[in-house]
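Data first, discussion second: the structure below is written as structure tokens.
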2 protein chains.
Amino acid sequence: MAEQVAPQEGPDGFSEAQLAYVEDLAATITASGVQRMPSRVYAAILVSEQGSMTAAQLAATLQVSPAAVSTAVRWLTQVGMVSRRSTPGSRREQYVVDSDSLIRLIAHDTSALNSWTSGFARGLEVVEPGSSAAHRLAELREFFTFLVEEMDGVMQRWQERKNQSSPSRSARKR
Amino acid sequence: MAEQVAPQEGPDGFSEAQLAYVEDLAATITASGVQRMPSRVYAAILVSEQGSMTAAQLAATLQVSPAAVSTAVRWLTQVGMVSRRSTPGSRREQYVVDSDSLIRLIAHDTSALNSWTSGFARGLEVVEPGSSAAHRLAELREFFTFLVEEMDGVMQRWQERKNQSSPSRSARKR
DNA sequence: CATCATCTTCACATTTTTGTGAATGTAATT
DNA sequence: AATTACATTCACAAAAATGTGAAGATGATG
């Protein structure tokens with residue numbers, strides 16, 4: 001019940017339902033270890049019609065200070081989840097979330113996997129060779145190496161599937 | 001240089017190098033979003049010879065209060081990274097990290113992926129159908145669904161590979 | 001059955017994180 | 001060229017997370 005088909009436009013083109021959803025999605029993202037504010041910013045841009053917003057728009061939509069937005073955006077751009085787009089005719093910089101940001105996110109996770117792998121490898125140098133602990137660490141290292149290798153294949157299959165279902169999509173601009 | 005072949009035994013059978021490594025690995029784990037203390041506890045048990053430690057041992061090794069250990073262990077058992085093993089003839093409970101804990105860890109990540117998937121699905125109900133935002137959310141949902149599906153295959157291949165290289169390993173006890 | 005050893009839980013203090021307001025820098029418009 | 005509109009950075013305050021000490025619970029042992 002209560003299906004809001006008419007998009008109740010709010011402050012910056014966000015409906016009530018959309019504002020609520022931004023918080024909802026942000027909570028999910030936060031649960032995965034991302035800080036609250038970056039999560040909210042990411043969610044807001046993702047839901048925005050053009051997939052991009054200015055710092056001022058974000059501050060108004062999320063009801064926070066420009067400073068908080070600035071900090072969050074800096075972090076998001078550093079990890080590659082958001083990119084900047086300087087609009088020529090205006091001072092306003094657009095912060096962009098495109099679909100490829102998810103690929104970057106997974107790539108980022110892969111680098112995390114690599115950290116674990118080398119972490120386990122270092123462990124093998126401080127435990128008794130042949131010991132139970134050595135076996136444990138070796139298996140973990142092997143598994144994480146395996147995971148990284150598998151990720152390549154997974155991403156490759158995704159690209160194939162994407163090109164297959166809509167080959168011209170990659171030509172989309174704006 | 002400085003190869004310490006002789007394992008300098010410390011308080012609880014941990015050498016200097018091993019104690020340092022525990023902190024090192026814990027830092028890596030912490031970087032992935034896990035709190036500091038659970039990370040340290042997990043790392044310590046992992047490096048321990050039997051793959052299990054008591055609360056008292058952990059407190060002594062990590063130089064923290066039993067209370068902190070208790071809290072950390074509770075969290076670790078909840079997410080499935082550590083399991084309890086009550087030794088019959090003793091009050092002391094052993095906290096165990098076996099190799100399977102990594103599988104649980106990945107399984108846990110899969111459930112996180114599912115959260116994202118359903119999160120994106122909810123988003124589709126609050127944006128204009130056919131809009132740019134709708135396409136973005138739909139693609140993200142599709143990708144995460146794809147990832148979850150792929151994970152099944154990945155884990156299956158890992159099991160095969162494990163059974164293939166050392167089929168009798170699973171019979172290991174103690 | 002009482003005592004001892006071991007683990008857990010709770011209230012609190014400390015540290016760390018997080019967001020704000022003011023000041024500063026930078027580019028477009030008049 | 002000056003003004004205006006944005007965005008960023010810094011110091012600080014509010015909020016949250018984290019670990020400790022003491023009290024409580026639970027089970028083995030003399």
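First the proteins, then the strands, lettered A, B, ... as listed; each starts at 1.
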Interatomic distance where OH belongs to Y95(B) and P belongs to dC7(C) [whole Å]: 6 Å
Rounded off to whole Å, could you give me the CH2-to-P distance for the W75(B) and dT9(C) pair? 17 Å
Once you round to the nearest 0.5 Å, how far does OG of S52(A) lie from CG of L58(A)? 9.5 Å
Nearest to the E93(A) side chain among dT20(C), dT20(D), dT8(D), which nucleotide is it? dT8(D)
What is the distance, rounded to the nearest whole Å, between atom CE of M37(B) and atom C1' of dT8(C)? 15 Å
Ranking dT18(D), dT20(D), dT20(C) by distance to the side chain of R36(B), first place goes to dT18(D)
Looking at every heavy atom in both T30(A) and R36(A), which two are closest together, and how far apart are they? OG1-CA, 3.7 Å
Just compare dT9(C), dA7(D), dT18(C) and give me whichever is closest to any side-chain atom of T54(A). dA7(D)
In whole angstroms, how far is the P atom of dA5(C) from the CD atom of Q57(B)? 17 Å
When all nucleic acid strands are considered with a 4.0 Å heavy-atom cut-off, which category describes R84(A): base, sugar-phosphate, or nothing? sugar-phosphate
5'-most by nearest nucleotide on DNA chain D - A67(A) or S65(B): A67(A)
Of the listed nucleotides (dG19(D), dC7(C), dT8(D)), which one gets closest to any side-chain atom of A68(B)? dG19(D)
Look at R74(A) and dT9(D) and indicate whether a side-chain polar atom (N or O) is within less than 4.0 Å of OP1 or OP2. yes
In whole Å, I'd like the distance from the CG atom of L58(A) to the P atom of dG19(C). 14 Å
Quickly work out the L62(A) CG to dA7(D) P distance and round it to whole Å. 14 Å
Proximity to the side chain of P66(B) - top-ranked nucleotide from dG19(C), dT18(D), dT8(C): dT8(C)
Going by side-chain contact (heavy atoms from CB on, under 4.5 Å), V47(A) matches just one of T61(A), V22(A), V97(A). Which one? V22(A)
Taking atom C1' of dT16(C) as reference, at what distance in whole Å does atom CD of Q35(A) sit? 13 Å
Rounded to whole angstrom units, what separation is found between the CE atom of M53(A) and the C1' atom of dC6(D)? 15 Å
Answer yes or no: does atom CZ of R157(A) have more than 12 heavy-atom neighbours from other residues, nucleotides or ligands under 6.0 Å? yes
Mark yes when over 12 heavy atoms from residues, nucleotides or ligands other than Q156(B) sit less than 6.0 Å from its CD; otherwise mark no. no
Nucleotide of dT18(D), dT20(C), dT8(D) approaching A55(A) most closely (side-chain heavy atoms): dT8(D)
